[in-house]
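Predicted model only: the values in this text are computed from it and were never measured.
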Amino acid sequence: MAKVQNSSAKFAVIITLVTIALLSVIVVLSNMKSDESENQTFEKQPSIEGQPTIGNADAPVTIVEFGDFKCPSCKAWGETIFPQLEQDYVDTGKVKFSYINVLFHGKESQLGSLAAETIFKQNPDAYWEFHKGLFNAQPLDHDSEWLTPDKVYEIAGGISNFDVKKFQSELEQLTQIEEVNKDSALVEEYKVQFTPSIMVNGTMLEDPFDYEKIESLIEKELEGK
């Protein structure tokens with residue numbers, strides 16, 4: 001009788017251990033599936049040819065931001081996430097970073113994008129100063145009409161060694177409108193739904209403010225190189 005009880009007890013322990021193991025596997029697989037579903041991966045990343053880019057041109061990892069100068073979340077991302085990214089990966093030559101315009105806020109978004117593209121073509125070295133200047137000028141009441149020609153000329157006028165008159169003339173003539181249209185085509189192609197949208201070598205993050213996820217994607221890409 002004791003042997004039967006011992007066998008039953010051992011069987012119960014084995015069943016319990018097997019059940020725990022199966023549950024553990026299910027949890028792990030569920031978490032993996034959840035992680036995969038959070039980020040959308042495309043077959044190829046957007047082309048950054050002709051786009052404003054900083055970092056080592058030969059960096060193995062490319063990060064693309066789809067952003068809108070009228071977007072408060074883009075301003076917040078640039079102030080809270082980008083500096084750490086720049087310090088950890090751009091300045092160390094591991095990542096190059098590129099910006100693609102999104103026009104979710106209508107005519108003001110278009111004006112900001114067109115102005116930025118015009119400055120980039122006229123003087124690439126002045127682009128990022130203007131880029132930061134636009135976001136710095138974004139007010140708390142971001143829905144107000146603040147991104148105007150006067151504001152654009154004011155910010156451009158603060159850039160040293162820059163021909164503001166030439167910039168104004170080219171902006172009025174819409175000389176870089178095709179560059180803005182090219183960005184809009186990329187926004188449509190990659191089904192950008194919100195700004196900022198951040199892509200790491202073709203993988204779009206669900207949460208662009210999750211720096212740990214950004215790091216893990218970068219490190220995974222670096223390990224594969």
Side-chain angles (χ1 to χ4, degrees), residues 38 46 51-54 63-87 90 97-160 162 164-165 167-177 179-188 190-199 204-211 213-214:
E38 287 180 0
Q51 301 287 4
T53 304
I54 57 172
I63 293 182
V64 172
E65 176 187 357
F66 287 90
D68 188 326
F69 290 113
K70 279 277 290 184
C71 167
S73 294
C74 296
K75 175 182 173 73
W77 192 88
E79 293 173 347
T80 60
I81 302 299
F82 180 74
Q84 191 66 49
L85 175 68
E86 185 175 31
Q87 177 180 312
V90 177
F97 177 85
S98 190
Y99 186 87
I100 295 176
N101 296 295
V102 181
L103 310 183
F104 283 167
H105 293 265
K107 65 178 183 179
E108 288 183 80
S109 298
Q110 184 181 56
L111 174 60
S113 299
L114 184 59
E117 291 290 348
T118 302
I119 282 186
F120 179 62
K121 297 303 176 184
Q122 182 178 329
N123 184 353
D125 292 336
Y127 171 83
W128 291 103
E129 184 177 348
F130 182 78
H131 177 106
K132 292 178 181 178
L134 275 183
F135 279 120
N136 288 339
Q138 186 186 113
L140 291 176
D141 182 15
H142 58 86
D143 286 329
S144 63
E145 189 172 346
W146 66 271
L147 214 172
T148 63
D150 286 343
K151 177 57 67 175
V152 164
Y153 299 144
E154 176 189 330
I155 295 170
I159 300 174
S160 59
F162 183 72
V164 179
K165 288 185 178 180
F167 162 68
Q168 183 172 348
S169 174
E170 292 187 352
L171 183 59
E172 290 174 350
Q173 295 176 51
L174 309 180
T175 58
Q176 299 303 323
I177 191 63
E179 293 300 318
V180 176
N181 292 338
K182 182 175 73 174
D183 284 3
S184 293
L186 287 172
V187 169
E188 184 175 347
Y190 287 89
K191 298 178 175 60
V192 175
Q193 300 295 320
F194 59 86
T195 53
S197 283
I198 305 299
M199 295 186 73
M204 185 89 76
L205 278 86
E206 182 181 45
D207 180 3
F209 288 88
D210 188 342
Y211 190 68
K213 277 282 178 62
I214 294 175

- Item | Set of side chain to side chain donor-acceptor pair (under 3.5 Å) partners for Gln110, sequence neighbours left out |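 Side chain to side chain donor-acceptor pair (under 3.5 Å) check on Gln110 returns nothing, list empty.
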- Query: Under the side-chain contact (heavy atoms from CB on, under 4.5 Å) criterion, do Leu147 and His105 qualify, and how do the steps go?
  - Reply: CA-CA 11 Å; Leu147 214 172; His105 293 265; over 6 Å; no
- Message: Over 60° means perpendicular and under 30° means parallel, so tell me whether Tyr99 and His131 are parallel, tilted or perpendicular.
- Response: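 Rings of Tyr99 and His131: perpendicular, over 60°.
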On a heavy-atom basis, which atom in [X] and which in [Y] lie closest, and how many Å separate them?
{"X": "Glu129", "Y": "Gly158", "answer": "OE2-O, 3.8 Å"}
{"X": "Lys70", "Y": "Trp146", "answer": "CD-NE1, 3.4 Å"}
{"X": "Ala137", "Y": "Lys151", "answer": "CB-CD, 4.1 Å"}
{"X": "Ser184", "Y": "Leu103", "answer": "OG-CD1, 3.6 Å"}
{"X": "Leu205", "Y": "Ile214", "answer": "CD2-CG1, 3.4 Å"}

Side chains of [X] and [Y]: does their closest heavy-atom pair fall under 4.5 Å?
{"X": "Asp183", "Y": "Ser113", "answer": "no"}
{"X": "Pro208", "Y": "Phe194", "answer": "yes"}
{"X": "Glu206", "Y": "Lys213", "answer": "no"}
{"X": "Asp141", "Y": "Asp143", "answer": "yes"}
{"X": "Lys165", "Y": "Gln168", "answer": "no"}
{"X": "Pro196", "Y": "Ser73", "answer": "yes"}

- Kindly determine whether Phe82 and Glu65 satisfy side-chain contact (heavy atoms from CB on, under 4.5 Å), including the steps that lead there. CA-CA 10 Å; Phe82 180 74; Glu65 176 187 357; 6.0 Å; no
- Message: Checking Phe167 now: which residues fulfil ring-ring contact (aromatic ring centres under 6.0 Å, His included) with it, not counting sequence neighbours?
- Response: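 So Phe167 forms a ring-ring contact (aromatic ring centres under 6.0 Å, His included) with Phe162.
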- Item | Stepwise side-chain hydrogen bond (donor to acceptor under 3.5 Å, both in side chains) test for Gln173 and Ser169 | CA-CA 6 Å; Gln173 295 176 51; Ser169 174; 2.8 Å; yes
- Message: Please report the interatomic distance OG1(Thr195) to CZ(Phe69), rounded to the nearest 0.5 Å.
- Response: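 Here the interatomic distance stands at 11.5 Å.
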- Got a sec, which residues hit side chain to side chain contact (heavy atoms under 4.5 Å, CB included) with Lys107, two or more places apart in sequence or on another chain?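 Applying side chain to side chain contact (heavy atoms under 4.5 Å, CB included) to Lys107 gives Glu145.
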- Would you sort out whether Ile159 and Ile119 count as a side-chain contact (heavy atoms from CB on, under 4.5 Å), showing the intermediate values? CA-CA 10 Å; Ile159 300 174; Ile119 282 186; 4.2 Å; yes
- Item | Within 6.0 Å of CD in Glu172, more than 12 heavy atoms from elsewhere |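 It does: Glu172 CD has more than 12 such atoms within range.
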